[in-house]
Amino acid sequence: MAKKAKKLAVHLTDKEQIWAIVYLLASYFLLPGLLQLLSSVLPVPLGSVWINFLYFTINFIMILWIFHGFFKRSLVYAGRNVGDFLLAVVLGSAVYWLCNWGYSELLRRFFPGFLNLNDSSISVMVSQNFVIMFLGTVLFVPITEEAFHRALIFGSLYPKSHAMAYVLSAVIFASIHIVGFVGVYGPLNLALAFLQYIPAGLILAWVYRKSGSIFAPILMHAVINAVGMFASR
C-alpha cells in the first residue's frame, strides 16, 4: 500500500475545511449576484469600484471569522521559523518575477496584440479610486485568495497527492481570474490569459509549503498586487 503523504506544517482542521468550502461556493456563485441585485434597487446604483470593494470586504470579514484559528497557528509557526518564512518569500518572489518577465517577452514577441482584460479593468478602477482599490487589492484580496486557493484547496489535496494539489489549485486560481471574460475574449486570448496566472498559482503554493505558514504567500501576493497597482497608475 502506498504511504500516505504528510500534511502541511500548518493546515486547516476538518471543521475549518467544511466552513471554508461552504463559504467558497457562496462567495463565487451567490455573492456577486446578490451585490449586483442590491446595487440595482438602490436610488443611485453602485459603481464597479464600490461593488468590488463590498465584495472584497465581505469576503475579508468572513475569511477572518472562518480562518481565525488557522491564521493564529500560521502566525505562531512563522514566528518560530522566521528563516524558512523569509527564504520562501524571497525565492518565490524571484522565480515569480522571472517567470512573469519571460512570459511577457513571449507575448510581446508572438502575440503583440494580447491584452489582459482583468488587469485592464483593475487599472480603470484604480484610476477612479486609488485608495479604495489599494485597500481591497493589496490587503483584502491576498488574504482571501490565499485562504481559499492555498490553505483550502492546495492544503486539502496535498496529503492525497502533491502533484494534484499543485495542479488543481493553480488551475482553479487561474480560472477564477478569467471566468468573467468568457465570451469577451476569443479562445486564444482566453488561453493566453489563463496561462499567465498558472506560474503564480504554482509558486504561491510552493511558498506556502516551503514556509509552513499561509502568511508567506499572503505577503508575496500583496507585494505583487501593490507593484501592479503602482505600475498601472
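In what follows, residues are counted from 1 in the order of the sequence shown.
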I need the [X] [atom1] to [Y] [atom2] distance, nearest 0.5 Å.
X      : Y      : atom1 : atom2 : value
Leu87  : Asn81  : CG    : CG    : 12.0 Å
Leu168 : Ile153 : CG    : CD1   : 8.5 Å
His149 : Leu24  : NE2   : CG    : 7.0 Å
Leu35  : Phe53  : CG    : CZ    : 12.5 Å
Phe56  : Ile61  : CZ    : CD1   : 14.0 Å
Leu12  : Ile18  : CG    : CD1   : 11.0 Å

Leu157 and His162: side chain to side chain contact (heavy atoms under 4.5 Å, CB included), yes or no, with the steps?
-> CA-CA 7 Å; Leu157 294 173; His162 296 352; over 6 Å; no
Where does the angle between the aromatic ring planes of [X] and [Y] fall among parallel (under 30°), tilted (30 to 60°) and perpendicular (over 60°)?
X      : Y      : value
Tyr158 : Phe154 : tilted
Phe230 : Phe130 : tilted
Phe114 : Tyr185 : parallel

Less than 4.5 Å apart, any side-chain heavy atom of [X] and any of [Y]?
X      : Y      : result
Asn100 : Pro199 : no
Ile178 : Asn118 : no
Ile203 : Met220 : yes
Phe111 : Asn189 : no
Leu117 : Ser121 : no

Please lay out, stage by stage, how Trp97 and Val227 fare under the test side chain to side chain contact (heavy atoms under 4.5 Å, CB included).
-> CA-CA 11 Å; Trp97 291 116; Val227 170; 3.9 Å; yes
Derivation and outcome, side chain to side chain contact (heavy atoms under 4.5 Å, CB included), residues Arg73 and Thr13 | CA-CA 11 Å; Arg73 298 192 301 274; Thr13 65; 3.9 Å; yes
Kindly give the heavy-atom pair with the smallest separation between [X] and [Y], and that separation in Å.
X      : Y      : result
Ile214 : Ser74  : CG2-OG, 3.6 Å
Met133 : Met125 : CG-O, 3.5 Å
Ser213 : Tyr77  : N-CD2, 4.4 Å
Trp206 : Ala88  : CZ3-O, 3.8 Å
Ser48  : Gln128 : OG-OE1, 4.1 Å
Ala216 : Val207 : CB-CG1, 3.6 Å

Quick one: does any side-chain atom of [X] pair with a main-chain N or O of [Y] as donor and acceptor, under 3.5 Å?
X      : Y      : value
Asn129 : Ile132 : yes
Ser127 : Val124 : yes
Ser40  : Leu37  : yes
Glu105 : Gly102 : no
Thr137 : Phe134 : no
Ser169 : Tyr166 : yes
His68  : Trp65  : yes
Arg209 : Leu204 : no

Is there a donor in the side chain of Ser27 and an acceptor in the side chain of Asn59, or the other way round, less than 3.5 Å apart?
->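 There is such a pair between these side chains.
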Can you spot which of Phe71, Phe85, Phe70, Phe67 makes a ring-ring contact (aromatic ring centres under 6.0 Å, His included) with Phe215?
->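 With Phe215 as partner, ring-ring contact (aromatic ring centres under 6.0 Å, His included) holds for just one option, Phe71.
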Tyr23/Leu31 under side chain to side chain contact (heavy atoms under 4.5 Å, CB included): CA gap, chis, key distance, verdict | CA-CA 10 Å; Tyr23 186 69; Leu31 185 56; 3.8 Å; yes
Determine, using ring centers only, whether Phe60 and Phe140 are less than 6.0 Å apart.
->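 They qualify: ring centres under 6.0 Å apart.
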